[in-house]
There are 2 protein chains.
Amino acid sequence: MLRLSKKTEYALIALKDIALNSRIQLMTAREISENHQVPRDLLAKILQTLTHHSIIRSVQGAKGGYILNKPVEEITLLGLIEILDGPAGLMECSLPEPVNCTYLDTCSIRCQLALLNQKILAMLQGITLRHFLRNELKAVLG
Amino acid sequence: MLRLSKKTEYALIALKDIALNSRIQLMTAREISENHQVPRDLLAKILQTLTHHSIIRSVQGAKGGYILNKPVEEITLLGLIEILDGPAGLMECSLPEPVNCTYLDTCSIRCQLALLNQKILAMLQGITLRHFLRNELKAVLG
DNA sequence: TTTTTATACGACTAAATATGTCTTATTTCA
DNA sequence: TGAAATAAGACATATTTAGTCGTATAAAAA
C-alpha cells in the first residue's frame, strides 16, 4: 500500500496547529484532538514520540501542553514518517538496514526500483512543515 | 506504510521475464516462480489477475503459459499497482472515490497533500515496463 | 494539602491488510 | 487417458495499523 499512515497524518495536522500557536501559547492534545476530531489517546502518543525526537517540547502538569522545538524548515515529511512508522523504503531491500530478502540474487528489478525509491525519498525530504504552513507545496513540487 | 506490495513486486519480476521471452515462447508460472524464488500459487493468482486486465494473455492446458498482451510502453507501474492493490492514493481522501473521512471539513492538510499525491501518481504513471526492460528508469526520473 | 488538568508510559485489544496455501475444476497436448 | 498447465475461490496465517485503557507523574490552582 502506497499510503501515509494515520500517525503521519495526525502528526502533520497537530504540528500545523502547534506551529500556528507557538508564539502565543502551548497547545494541548485535547485541543488539537477536538479541533480536528482526531482520537485523543492516539494523538497523545504521537506527540510523545515527537517529543522524544525533539520535534516538539512538552510542558507537564496543568496549563501544560506542547510547543515547537525546531525551526519549521527543519521538520521534514520524511523525518516524520521515519520517526512514526520506522524506516521508509519502497521495498524491504531498499531500507537502510540490509534485510532477509531471500531472492536478492535472482531479483531482476531491485536496481531499477532503488532509483525510484531514491527519487521519492528525496521528494519527501524536500517537503517541510514550513511548506505546509505557507501552502507552498505546489512550488516545491514544481 | 510507503511500500510497494509483494504482489506488485512479483508482477514486475514476472512481467519482465514474460516480456523477455514473448517472441520465443510462453512462460509458465512454474518457470517464473523457480527463476526468482517467488511463491508459486501466489504468483499464479497475480498472473490470473493480470490476465483479466488484458496485461497478459494466458494459454491453458499442457504447453500453456503466459505471453504479453500489450506493448511494454503501455504497461505502467501505477496501472499494475491499481490492478493488484486497488486504487492508489496517499490518503483515503485522495482516492478517486469519495470516502468516509469524518474530519474532512476540519482537515488542514488535505489540499497540500493532494498536490503531493498527484505528483507521486504522475511519476508512477510515467514509469512503464519498457523502462524496466531497458534499465531506463534513471533517465525517466531525471 | 487536595483537586484538577495535563503529559508519560506501557500493556492491551481490535480491526484491517497483506501474504501465502489448499482444493477442485477445466483445458490442452502427447 | 494421463500429465501439465491455467482458473477460481475458499481458507489460513501473519503482520501491521489503529485505537483504547489504566496507572503514574508533574504542575497549577483551589
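Chain naming here is simple, since letters A, B, ... match the order of the sequence lines and numbering starts at 1 in each. None of these values were measured; they are calculated from a predicted model.
Under the rule for a salt bridge (Lys or Arg N to Asp or Glu O under 4.0 Å), the partners of Arg134(B) that lie at least two apart in sequence or sit in another chain are Glu136(B). Applying the salt bridge (Lys or Arg N to Asp or Glu O under 4.0 Å) criterion to Arg57(A), with sequence neighbours excluded, gives no partner residue. Evaluation of the salt bridge (Lys or Arg N to Asp or Glu O under 4.0 Å) rule for Glu74(A) yields no partner, not counting sequence neighbours. With sequence neighbours left out, the salt bridge (Lys or Arg N to Asp or Glu O under 4.0 Å) criterion links Arg40(A) to no other residue.
Atom CE of Met91(A) is separated from atom P of dT19(C) by 13 Å (rounded to the nearest Å). Separating the CD1 atom of Ile46(B) from the P atom of dA7(D) is a distance of 14 Å, rounded to the nearest angstrom. The CG-P distance, from Leu4(A) to dT17(D), rounds to 12 Å in whole Å. For Glu9(A) and dT17(D), the CD to P distance is 13 Å, given to the nearest whole Å. For Glu92(B) and dT17(C), the CD to C1' distance is 13 Å, given to the nearest whole Å. In this structure, Lys7(B) atom NZ and dA18(C) atom C1' are separated by 8 Å, rounded to whole Å. In this structure, Asp41(A) places its CG atom 11 Å from P of dG19(D), rounding to the nearest Å. Atom CZ of Arg3(B) and atom C1' of dT16(D) are 11 Å apart (whole Å).
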Could you list the donor-acceptor pairs under 3.5 angstrom formed by side chains in residues 114-132 of chain A, with sequence neighbours left out?
from	atom 1	to	atom 2	distance (Å)
Asn117(A)	OD1	Leu90(A)	N	2.9
Lys119(A)	NZ	Leu141(B)	O	2.7
Thr128(A)	OG1	Arg130(A)	N	3.2
Thr128(A)	OG1	His131(A)	ND1	3.4
His131(A)	ND1	Thr128(A)	N	2.9

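Considering CG of Leu68(A) and CG of Leu26(A), their distance stands at 11.0 Å, rounded to 0.5 Å.
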- line: Heavy-atom contacts, protein to nucleotides 6-11 of chain C, under 4.0 Å, summarised as B (base), S (sugar-phosphate only) or - (none) per nt, yield SSBB-B
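Put simply, Tyr10(A) has a side-chain N or O that comes within less than 4.0 Å of OP1 or OP2 on dG19(D).
Minimum atom distance to the side chain of Pro39(B) is reached by dG20(C), of the listed dG19(D), dT19(C), dG20(C).
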